[in-house]
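First the structure, in the form of structure tokens, and then the observations on it.
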Amino acid sequence: MPLVSPFRTSFGVQTTRDLLLVRAETTETEGYGECGTIPAPLYSSEYTDGAIEVLRRFLVPAALAMPVPDPWLIAPALAPMRGHRMAKSALETAVLDAWLRERDLSLGGWLGAVHDRVPAGVSVGIMDSIAELLDAVEGYLDEGYQRIKLKIRPGWDLEPVRAVRERFGDDIPLQVDANTAYTLADAPILARLDRFGLLLIEQPLEEEDIRGHARLARLIRTPICLDESITSARAAADAIALGACSIVNIKPGRVGGYLESRRIHDVCVANDVPVWCGGMLESGLGRAANVALAAMPGFVLPGDTSASGRYYRTDLTEPFVLTDGRLTVPRGPGIGIAPIPEALDEVTVSTEWIPA
Ligand code: NPQ
Ligand code: MG
């Protein structure tokens, strides 16, 4: 699917989105799960062709071998295969969606959502110039986004943040995401962000550097939020206990699915750590499930659950539209939304059916 505009992060630039969907078919209904991988292992170790391979050879056969496709038992059935959380998340979500539809339960209701609508933030990529960045931010603020997140990397950090503060003032909720681009040696530069009153700085250091984030937290005032590092509820508990983060970005794909996402939410709430829902440029299918997750009580900060139009001219589903800076939580059974057949056919390049 073509992106409405290039999206540049510290790990590269994307102009299209190669989506991998898992569709589970049961005797009564079907379910969809979206896999957040990108074609190359630049965000995490997973990549789309690898996810297809591990699903085809290991994960789907293991799920098909289960006596009943019980959503709680998918993760244990897949546990012998190590890692591949995004691939596992897509499969578990497809089974969960079908399971909920069969019981006429909405994902939000099942997760424990407490809101009908969730505030939307927006992630703004690295741009070729400050002028271009300010135009993009102005457009998103005009659309009603409740929080601005700027992608940063060494050489594009202090200046864009200063420019956004000078142009739009100190009151707009503003945060930055480094996608692991810095090291502890950069602490003096990152400390110079303190004066801009950011909500948080997301994943400044590399995924495994929990001790480094704990050290950095004592060198800067801006709260540290982790993304790539938080791969499970255990990882969240460890990072919090070690003082490596005071805010957590929950992304179902990164952690293996919505059941683990709920566990992370509960661990963070128990530790008074605010959470928000991250984004992986999902189609409306993944977006629907993320909006339901973001309606849980501990999601007290706007997430990257932006409107469909932030990324796509035409979504696979009815588009999610921003109204008063919020997205509406789907109320139907399961994820509460389905692909529009014509839209899906338009962009489908290959399908593979794995029989039970
Ligand atoms: C993040 N998401 O919070 C990720 C980075 C990311 C919205 O910033 C295709 C293209 C898939 C870009 C997955 C946001 C992506 C992508 C994740 C960026 O770190
Ligand atoms: Mg991030």
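First listed ligand is number 1; within each ligand, the first listed atom is number 1. In this chain, numbering begins with 1 at the start of the sequence shown.
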Residues [X] and [Y] bridged, charged N to O under 4.0 Å:
X	Y	answer
Arg310	Asp315	no
Arg167	Glu138	yes
Glu260	Arg262	no
Lys251	Asp304	no
Glu352	Arg56	yes
Lys149	Glu202	yes

(message) For Glu202, state whether at least one heavy atom is located under 4.0 Å from any atom of ligand 1.
(response) yes

For [atom], closest protein heavy-atom neighbour:
atom	answer
atom 4 (C) of ligand 1	Lys251 NZ, 3.2 Å
atom 2 (N) of ligand 1	Gly279 O, 2.8 Å
atom 15 (C) of ligand 1	Leu281 CD1, 3.9 Å
atom 10 (C) of ligand 1	Gln14 CG, 3.1 Å
atom 5 (C) of ligand 1	Lys151 NZ, 3.4 Å
atom 3 (O) of ligand 1	Lys149 NZ, 2.9 Å
atom 19 (O) of ligand 1	Asn179 ND2, 2.7 Å

In ligand 1, which numbered atoms sit nearer than 4.0 Å to a non-hydrogen atom of [X]?
X	answer
Arg17	9 (C), 11 (C)
Phe7	8 (O), 12 (C), 18 (C)
Ser123	7 (C), 8 (O), 14 (C)
Asp227	1 (C), 3 (O), 19 (O)
Ile38	9 (C), 11 (C)
Tyr311	7 (C)
Phe11	6 (C), 18 (C)

(message) Please identify which of these residues, Lys151, Arg153, Arg8, meets the salt bridge (charged side-chain N to carboxylate O under 4.0 Å, His left out) condition with Asp177.
(response)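 Checked Lys151, Arg153, Arg8 against Asp177; only one passes salt bridge (charged side-chain N to carboxylate O under 4.0 Å, His left out): Lys151.
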
(message) Within the 3.5 Å criterion, strictly below it, is a donor on Ser283 or Glu34 matched to an acceptor on the partner's side chain?
(response) yes

(request) Would you check the N or O atoms of Asp177, main chain and side chain alike, for any that come under 3.5 Å of an N or O of ligand 1? (result)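 Yes, there is a polar N/O contact under 3.5 Å.
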
(request) May I ask you to identify, for Gln203, whether its side chain, its backbone, both or neither come under 4.0 Å of ligand 1 on a heavy-atom basis? (result) neither

(message) If hydrophobic clusters are built by linking Ile, Leu, Val, Met, Phe, Trp and Tyr wherever their side-chain heavy atoms come under 4.5 Å apart, do Leu91 and Trp110 end up in the same one?
(response)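 Unlinked, Leu91 and Trp110 end up in two clusters.
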
(message) Checking the side chain of Arg287 only, and the main-chain atoms of Glu282 only, is there a donor and an acceptor separated by less than 3.5 Å?
(response) yes

(request) Verify the distance test for Glu202 against the Mg ion (ligand 2): any N/O/S atom under 2.8 Å, yes or no. (result)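 Looking at Glu202, which is the residue asked about, there is an N, O or S atom under 2.8 Å from the Mg ion (ligand 2).
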
(message) If I take every N, O or S atom of Asp304, is at least one of them less than 2.8 Å from the Mg ion (ligand 2)?
(response)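 No N, O or S atom of Asp304 is closer than 2.8 Å to the Mg ion (ligand 2), so no.
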
(request) From the options Glu282, Arg310, Met280, select the one whose nearest heavy atom is closest to atom 13 (C) of ligand 1. (result) Met280

(request) Considering non-hydrogen atoms only, spot the tightest contact between Ser306 and Tyr145 and give its length. (result) CB-OH, 3.6 Å

(request) Determine the interplanar angle of the His265 and Phe299 rings, folded into 0 to 90°, and report it as parallel if under 30°, tilted if 30 to 60°, perpendicular if over 60°. (result) parallel

(message) I need the OD2(Asp177)-the Mg ion (ligand 2)-OD2(Asp227) angle, rounded to 10 degrees.
(response) 180°

